[in-house]
Structures are given as structure tokens and as C-alpha cells.
Amino acid sequence: AAAAGSAAASTSPKGGNNEPQVTLVSFRPAQADGYPTVNDKITAHAATNDPDGDGVSVEWKWFHNGVEVSGQLSDTLSPSGTWKKHDKIEAEALPRDTRGLTGQPRRGLISIRNSTPTITSRPAGSLNGYKAVVQDADSANPAERFKWTLEAPVTGFTLGEDGTLRFDRVAIKDTSGGQKIPIVVT
């Protein structure tokens, strides 16, 4: 009778060791909005549970647009140089309890967001020019995506397609460095 009572108390099909579980896979990218850009590391976190109270460790696999990323087994994935905006990154967490039993893997999904372009300006190498440069991690040739225009009325300047602002020396009266020239990038 005692043996039957003991068997009834155990509901585990594994003889007293139930499968650990991953209840949630979440991400901690570097960006405040919670979505990574093409240059951000992504760290995954797995919330785990073991019905028997055993400790649980997690083994990781990463996927980029559905294809497993070879050799990435930690909870952090570094940018590959091939990520593009709207790419899908998945982390798969496989739980393993301290007795070696694995549970069902669970995946989390996050998308790569659009990177904010940066605009810098610097002298163009001569006294009569200044160059504005656009850098965009999402585009191989960002200059093709932007249109440079001078806000009217600005006289004494021309703006090249490459973003170089050329000064007409005759038209410039202020040589103290006080010229402000608005450039619109669309």
C-alpha cells in the first residue's frame, strides 16, 4: 500500500524529474526604444521555470532571417555586417536542468530598425568650399537617398550634388567666420 501511495504522489513521467521550461525570451538591445540597429549587439534573456525546483541553464542558438548563425552560442549576438533594416533576428533558448534533462526550446523575435543618418560637415580642402557628408548605416550609398538644397535667399554660394558648398569670394562680406548657411537635407 505504501508503494502505491508513493507512486500516486509522483506525477512525473520522467521518474521524479520534470522538464524545465523557458517561459519567455526577451531582448536587451542598446537603443532606448528597445529595437536594435544594424550596428548594435543584441542580448537575449530567458525566463525559466523548473517544476521540481532544479536550477536551469540555457543553451542558445541565433537565427538571422530564419537561417542559423553559425558559432553563436552565447546570450549575446554581435552585428554581422550583413544586417539590414527590417531583418528578423531570433534567439532560441533550450533549457537544461541541473540533472541534465532538457525541455522544449523557445524562440524570441526582434526586428532591426532603421538607423538614424548622421550629417557632418568639414572644410572641403580649400578656402572656398565646405563639404557636408551623410552617413547611413542602412545604405551603401546614402548620397543617392538625400537631396541637398539651400534655403532661399542665400547668395554667394552654390551647392554641388555631392554636398560641397562652394563660396563666391566676391559675394562674401563677413570673413570673421560668422556666416550661417542653412542647408536642408530631404
Side-chain angles (χ1 to χ4, degrees), residues 1-122 132-147 185-186:
S6 298
S10 175
T11 59
S12 171
K14 306 288 185 193
N17 190 14
N18 293 292
E19 288 185 357
Q21 302 166 344
V22 172
T23 57
L24 176 70
V25 175
S26 60
F27 299 94
R28 291 185 293 258
Q31 300 300 318
D33 66 3
Y35 291 94
T37 65
V38 296
N39 294 318
D40 291 332
K41 286 183 180 180
I42 302 171
T43 300
H45 173 73
T48 60
N49 179 46
D50 186 274
D52 307 314
D54 296 333
V56 178
S57 62
V58 175
E59 297 171 13
W60 293 98
K61 287 185 184 179
W62 290 89
F63 299 84
H64 174 210
N65 291 330
V67 177
E68 186 173 348
V69 179
S70 177
Q72 295 294 321
L73 303 175
S74 75
D75 65 345
T76 300
L77 181 66
S78 294
S80 68
T82 61
W83 295 358
K84 294 177 181 53
K85 65 182 173 182
H86 308 301
D87 279 0
K88 306 290 186 229
I89 305 294
E90 292 177 279
E92 181 179 277
L94 177 69
R96 182 179 303 275
D97 71 14
T98 53
R99 294 191 254 178
L101 183 61
T102 59
Q104 296 297 312
R106 184 173 191 136
R107 287 189 184 186
L109 172 70
I110 195 164
S111 294
I112 302 297
R113 74 170 172 87
N114 187 27
S115 300
T116 304
T118 59
I119 301 172
T120 56
S121 57
R122 64 181 188 276
V133 177
V134 173
Q135 294 175 324
D136 186 354
D138 298 319
S139 177
N141 190 359
E144 292 177 356
R145 296 183 40 227
F146 298 94
K147 180 181 177 187
V185 181
T186 54

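Predicted, not measured: the structure shown is a model, and the values here were computed from it. Heavy-atom basis, side chains included; hydrogens, waters and symmetry copies ignored.
Within the 4.5 Å cutoff, the side chain of I110 has heavy atoms near those of the P36 side chain. A heavy-atom distance below 4.5 Å is found between the side chains of I112 and I42.
The distance from atom CG of D52 to atom CD of E19, rounded to the nearest 0.5 Å, is 10.5 Å. The CG atom of D40 lies 11.0 Å from the OG atom of S78; values are rounded to the nearest 0.5 Å. Atoms NZ and OG1, on K85 and T37 in that order, are 12.5 Å from each other to the nearest 0.5 Å. Note that CD of Q21 and CG of N49 are 5.0 Å apart. Values are rounded to the nearest 0.5 Å. Rounding to the nearest 0.5 Å gives a distance of 5.0 Å between CD1 of I89 and CH2 of W83.
For D50, there are no side chain to side chain donor-acceptor pair (under 3.5 Å) partners at least two apart in sequence or on another chain. For R106, there are no salt bridge (charged side-chain N to carboxylate O under 4.0 Å, His left out) partners at least two apart in sequence or on another chain. Partners of T76 under the side chain to side chain donor-acceptor pair (under 3.5 Å) rule, at least two apart in sequence or in another chain, are T43. Contacts of E59 classified as salt bridge (charged side-chain N to carboxylate O under 4.0 Å, His left out), with partners at least two apart in sequence or in another chain: R96. Not counting sequence neighbours, the partners of D54 by the salt bridge (charged side-chain N to carboxylate O under 4.0 Å, His left out) test are R99.
Between P20 and T102, the closest heavy-atom pair is CD-C, 4.0 Å. Between P79 and V38, the shortest heavy-atom distance links the atoms CB-O, 3.3 Å.
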Please list, one pair per line, the donor and acceptor atoms closer than 3.5 Å that link side chains of residues 60-72 to other protein atoms, with sequence neighbours excluded.
| unit_1 | atom_1 | unit_2 | atom_2 | d |
| --- | --- | --- | --- | --- |
| W62 | NE1 | S74 | O | 2.9 |
| H64 | NE2 | D87 | OD2 | 2.7 |
| N65 | OD1 | K88 | N | 2.8 |
| N65 | ND2 | D87 | OD1 | 3.2 |

